[in-house]
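These numbers come from a predicted model, not from an experiment. Keep in mind that the numbers below use all heavy atoms, side chains included, and drop hydrogens, waters and symmetry copies. Labels below follow one simple rule: chain letters A, B, ... track the order of the sequence lines, proteins then strands, and each chain is numbered from 1.
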2 protein chains.
Amino acid sequence: MASENRGLTERKKQILKAIVDAHIEGGGPVGSKYILQNQQLSCSSATIRNEMAELEEMGYLEQPHASAGRVPSELGYRFYVDSLIERYAMTTHEIAQINDLLKAKMGELDQILLAASNLASNLTNYTGIAIKPPVSAISINKFEIIYLESDHYILIAVTSTGSVKSKHVHTATPISQALAAKLANVLNQHLKGLSANEITLPIIMEMEAQMGYESSLVNAAIKVVYDLLNELDEGEMRVSGIDHLLQYPEYSDVGQLQELLGTLEKKEDILNLVSRSESQDISVLIGSESEVKVMNNSALVFKPIVKDGKTLGAIGILGPRRMDYAKVLATLEGLSGNITNLIGSNKSNGGESNGGN
Amino acid sequence: MASENRGLTERKKQILKAIVDAHIEGGGPVGSKYILQNQQLSCSSATIRNEMAELEEMGYLEQPHASAGRVPSELGYRFYVDSLIERYAMTTHEIAQINDLLKAKMGELDQILLAASNLASNLTNYTGIAIKPPVSAISINKFEIIYLESDHYILIAVTSTGSVKSKHVHTATPISQALAAKLANVLNQHLKGLSANEITLPIIMEMEAQMGYESSLVNAAIKVVYDLLNELDEGEMRVSGIDHLLQYPEYSDVGQLQELLGTLEKKEDILNLVSRSESQDISVLIGSESEVKVMNNSALVFKPIVKDGKTLGAIGILGPRRMDYAKVLATLEGLSGNITNLIGSNKSNGGESNGGN
DNA sequence: TTTTAGCACTCTTTTGTTCGGAGTGCTAAT
DNA sequence: ATTAGCACTCCGAACAAAAGAGTGCTAAAA
């Protein structure tokens, strides 16, 4: 394939780019005459027609029906995105908007991601996606217990990613403030740094032994810890700006739109897709490149948010295959830069924060 | 109005109900002939036509155009919901589904609500909504500080509603474990039970005085507390199953659908609507009854989730005005019952839990 | 006085037809 | 290798006609 790309003459590239641009702009098939007008090419429409026929043969273009113009194929888009794109410079206004909104939301990572995807959606007029990938092999770095009543305490856990989760626990046997402290101690001693499947029976037994008479508390606590680790494992995804999709004619077909919304609701597919991507850079998935069947005439662009080598989340854009890639890429790039700044700058007074994951 | 309702003859009621039922079923206008066939009435279509004309005059029916059948008006639906509805009995299968899913999700209230709205959406085939109303005048019952490093601690707050919020704090001046404990102490002493606007300067001053040399810590902490209270104040709303909407012809008009999705995205309107409702019972808002302009041909049904007299959240259903009210009401009723059970039963081993709001 | 049958009328929806435009492919000339 | 020209194809808009559904009204029946 790469060698074929090389094989494209300068003029073919120009024509291909012109077609993709025009199709992104207008949505319909693009004809030879149109290109001739909106592009300074020193040749006639007939020549363009010939070139287009060749481009079609090579797989970069498609023809909806015999006497229609050409539409970029998946391969055509891929080529466009990979090599023809003109970087879109964000306006200062847009940059200011990003700064304002994200600064204001400087809070939990969830909130930042959500705000970012919202913003991305509004800036680009496509659908925004905020993703928190499932954190596999997560562990707990610190336990803390808040004693409330004789049968009621709150178990708090600080995870290895720095986020804090809590759970209310109601005990069958009465506890005291001191007992709660002791329990916290035992938990910290034995479970620190362990992930869900590293908590083995021997460890539990030892903890029970150490708690003596109150060993029943251990069991309850362990169960809660386990639940907690599992919850952290789940991954989340939130979508914003679906209404934007409706403005594009490709989604005026109710059936397909419904299918697309369906996959957006199910979430697993996209969540998998994003978390399986090992690249830390922007990914562009066009149409059926992404095993998710439904996305045939859609494209998904996303950028992971990375800190200290760990992927904490991702923001993305979902839109029609003919989306304005230049703008989308620039927007995501800009946003992710801001987010990374925001969560990287630890020396503030308010400080970065992570609430319940 | 009530007197007008009274004025409806038995036959008029029967006809009205038949029309609403038929329209809910089919979606289109309902004609006199159709009613005659699907209803055992001892009269002819002409009589029915006369009755329908009268019902229209009284405001219960509408005619899309001169020679079409009749469609229930807003008033017609209202009457139907208020007095004609046959309670829909949930199948045991549905009940089992509810139990399974909710039990499994027994975790944070957010999660329960979300799961419930999801379930409601699937059971009814409309769009589900999970709402956490803004908790005005919320206060913090307990502070706790987890010391991490010399310039980094986690501030944890247990709110009056029992949920737990946390924030990482990075300090400008170095702290110690002991100092962190002292700070927690001061916070607990002075801020317990206060809402955001009850934290006055004198209180802050006194706290600073009490902290002596380390008074700068107080300021930073207060700011965090303040942020935290504000975040709690926000209210949240999540939507599931928008794809269901597309199956109803009333939403095949892209423009209107887009508007509706727009209001769903904005959230404030619906959030206001729900939190302003003082009833603890199921509310049914039909069309323009709810100031939200867009919902002209939609209806919103929601049920608050109440515990100890406090509204903790709400689950709802959004769908076309001609929705299957019987089923929707029964589903929400069933779900809310289960949720109330779930969060009410405090004496379990795993226990109810509230993570970061 | 209420109900009913019958019929004329209205409005929508569907279907078929026509027609123009846009765009291509091909061929022959440059 | 490029171009002009032309025949051909296909789609979609516009229009007309027909079919269907349902009403309102009138006059007769109960």
Between the protein and nucleotides 12-15 of chain D, which nitrogen or oxygen pairs come in under 3.5 angstrom?
none

Give me the residues of residues 39-47 of chain B where at least one heavy atom lies under 4.0 Å from an atom of DNA chain D, by number, or none.
none
What is the distance, to the nearest angstrom, from the NE2 atom on A:His65 to the P atom on D:dC8?
19 Å
Is it true that A:His244 and A:Tyr251 share a donor-acceptor pair across their side chains at a distance under 3.5 Å?
no
Please collect all salt bridge (Lys or Arg N to Asp or Glu O under 4.0 Å) contacts where either partner lies in residues 23-46 of chain B, sequence neighbours excluded, each pair once.
none
Tell me, please, which residues at least two apart from A:Glu54 pass salt bridge (Lys or Arg N to Asp or Glu O under 4.0 Å).
A:Lys12
Pairs meeting criterion salt bridge (Lys or Arg N to Asp or Glu O under 4.0 Å) with involvement of residues 240-256 of chain B, two or more places apart:
B:Glu250-B:Arg322
Atom-to-atom span, CG of B:Asn50 to P of D:dG22 - whole angstrom:
17 Å
Classify every nucleotide of nucleotides 16-24 of chain C by which part a protein heavy atom approaches to under 4.0 Å, writing B for the base, S for the sugar-phosphate alone and - for neither, in 5'-to-3' order.
------BBB
Side chains of B:Ser240 and B:Ser117: is there a donor and an acceptor less than 3.5 Å apart?
yes
Just checking, is any N or O donor in the side chain of B:Glu74 or B:Ser288 under 3.5 Å from an acceptor N or O on the other one?
yes
Salt bridge B:Arg70-B:Glu56, side-chain N to carboxylate O under 4.0 Å:
yes
Less than 6.0 Å separating the ring centroids of A:Tyr80 and A:Tyr60?
no
